[in-house]
Amino acid sequence: MTDWSWDWNPSEEYLTDGVPPGVVAEVERLATELAVLGPESVRVGRPTDREGGLREFDFLGGRGFINFLPVPRHECVYVCNITWYG
């Protein structure tokens, strides 16, 4: 277990505008799981050939993806974008 947390960047209102509530709940669940991984979250998702930086992760069977930024010095995973194809 880590002391990492997660947050929205820029804001929850901006990122979730027009996104169905069930999708938002799934994004929050994924962000919680990424925070539990702590420093290992820099290796999750794409790109697969390097660590760190802005990462991308598919969810709900490829019907959407999130972009997130794990920042080890902040001990935080920032959700930066939600793309939902519905």
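Since the structure is predicted, the reported quantities are computational estimates derived from the model, not experimental observations. Worth knowing before you read on, the calculation uses all heavy atoms, side chains too, and leaves out hydrogens, waters and symmetry mates.
A single hydrophobic cluster is not seen to contain both F68 and V71; linkage of ILVMFWY side chains at heavy-atom distances under 4.5 Å, directly or through other members, places them apart. One hydrophobic cluster holds both V79 and V23 under the rule that ILVMFWY side chains link at heavy-atom gaps under 4.5 Å. Under the 4.5 Å side-chain heavy-atom criterion for ILVMFWY residues, no single connected hydrophobic cluster contains both I66 and V42. Side-chain heavy atoms closer than 4.5 Å link hydrophobic residues (I, L, V, M, F, W, Y) into clusters, and following such links, possibly through other members, connects F57 to V77. Hydrophobic clustering of Ile, Leu, Val, Met, Phe, Trp and Tyr side chains at less than 4.5 Å, counting indirect connections, keeps L34 apart from L69.
Here OH of Y78 is found 14.5 Å from CH2 of W8. Values are rounded to the nearest 0.5 Å. W6 contributes atom CH2, which lies 10.0 Å from atom CG of L30 (distance to the nearest 0.5 angstrom). Interatomic distance, C76 SG to D3 CG, rounded to the nearest 0.5 Å: 12.5 Å.
With sequence neighbours excluded, no residue forms a salt bridge (Lys or Arg N to Asp or Glu O under 4.0 Å) with R63.
Donor-acceptor pairing under 3.5 Å is recorded for the side chains of N81 and T83.
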Identify all side-chain donor-acceptor contacts of residues 11-19 below 3.5 Å with residues at least two apart in sequence or on another chain.
residue	atom	partner	partner atom	Å
S11	OG	Y14	N	3.2
T16	OG1	E12	O	2.6

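Nearest heavy atom pair, residue S41 against residue P70, reads OG-CB, 3.3 Å.
Formation of a donor-acceptor pair under 3.5 Å by the R55 side chain with backbone atoms of N67 is not found in this model.
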